[in-house]
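What follows is a set of notes on a single structure, which appears directly below.
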Amino acid sequence: MAAALINVPAKAKRGQIIEIKTLMSHIMETGFRRTAAGELLPRDIITSFICRFNGNAIFRADLFPAIAANPFISFFTVATESGKFDFEWIGDNGFSETASASITVE
Amino acid sequence: MTQSPAITVAALLVMAAPLVAAEIPQGQRRSGFTFMAPETQAMQNDDDANPGMLWVLDGEKLWNGKAGAADKACADCHNDARFSMKGVAARYPVYDKSRGRPVDLEARINLCRAERQQATPLAYESHDLLALTAFIAQQSRGIEISAGSDRELESFVAKGRELFMRRQGQLNLACANCHDDNWDKHLAGSAITQAHPTGYPEYRLEWQSLGSLQRRLRSCISGIRAQPYDYGAPELVELELYLMSRAKGMPMDVPGVRP
């Protein structure tokens, strides 16, 4: 399993704007580079990222070859209720990773 | 004017080329961190945004995982790295009595693997070796570098310094020509830094990966169009040792992020 770093505040006040930060390890090989022998290195990237809160999608992003290795994705949301964030990264060659984090809203 | 233009140009070049300057005065020493844009500094300072932390996480797993014929983990001998490895990276490379030579942290990990774990050595720049090195070195965050203090290392520090000062390659440049004489200037838009290796292994945005000090040295040596030494070569270890002793007293900031 690829290493991932997730930062979700453990606690927040209702209505508070919170920042969610994710970092996923991935080489993000563009598919445009060649080896010293001239052979094309096949594309190997993460193609999509989705964040669900209590089962509902709240953020998603499509990723492309120009995005750097180990993509860092951060976004903001409003804390409405306590629950669980589920993160999912999907990519080439069957790449699929998940992570989750809980928040308590007071 | 009877002088040919070529001679004039050559004369000007000789006049313009500064003598190899003395080393950087203690009070003017800076970490490569201080040369970076605020955005890159922020990336290093935030453990959730610093990609080097991905290697640190993997390194922690390797530290606790059993390996080799001895079926031992690093933790089985060294216990909790937060205590046992604190300050270790700040002392490396150290003098190894049985070999009569300095060894760097990567070499020490592989010696431990061979002798204590009876495991195969990890290749230089392999993910696992970088991960273990990063995890161990991260325990020295904020600790002042003390490498090269051992008296037995004196001659090796001197060898590393000699290599640092020696002009080589098609461009006929010594490390010192950039990193001692011109560290306040730029090379192709990038800041020339002072060669204080406080953050290794470090994440270079250009590499899109974590890399060791030896990788950095090899890139620099290719840059002056010289033949780089092989990974693990005594010359590279001596250079590492000299650079660490140059940075004596400066705090470690592993894993560093650099452009």
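Side chains are part of it too, since the values below use all heavy atoms of this structure and drop only hydrogens, waters and symmetry mates. Predicted model only: the values in this text are computed from it and were never measured.
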Give, as side chain, backbone, both or neither, the part of A:M28 having an atom under 4.5 angstrom from any heavy atom of chain B. neither
Testing the basics here: between B:P51 and A:L23, what is the closest heavy-atom pair and its distance to 0.1 Å? CA-CD2, 3.7 Å
Verify the neighbour count for atom CZ of A:R33: are there more than 12 heavy atoms of other residues, nucleotides or ligands below 6.0 Å? no
Locate the shortest heavy-atom distance separating B:D58 from A:A3; write the atom from each residue and the value. OD1-CB, 3.5 Å
What do you reckon, is CD1 of A:I17 surrounded by more than 12 foreign heavy atoms closer than 6.0 Å? no
Would you say that more than 12 heavy atoms from the other residues, nucleotides or ligands in this model lie under 6.0 Å from the NZ of A:K21, or not? yes
Check the surroundings of atom CZ in B:R116: do more than 12 heavy atoms from other residues, nucleotides or ligands lie under 6.0 Å from it? no
Report, by ascending residue number, the residues of residues 39-50 of chain B in heavy-atom contact with chain A at a distance under 4.5 Å; give 'none' if the set is empty. B:D46, B:D47, B:D48, B:A49, B:N50
Could you state the interatomic distance from OG (A:S25) to CE (B:M53), rounded to the nearest 0.5 Å? 13.0 Å
Please report the closest heavy-atom contact between A:A4 and B:L57, naming both atoms and the distance. O-CD1, 3.7 Å
Given that the side chain runs from C-beta out, which part of B:L54 has a heavy atom under 4.5 Å from chain A: side chain, backbone, both or neither? both
Chain A neighbours within residues 207-228 of chain B, where any heavy atom lies under 4.5 Å away: B:Q208
Please determine whether the number of non-hydrogen atoms from other residues, nucleotides or ligands lying under 6.0 Å from atom NZ of A:K13 exceeds 12. no
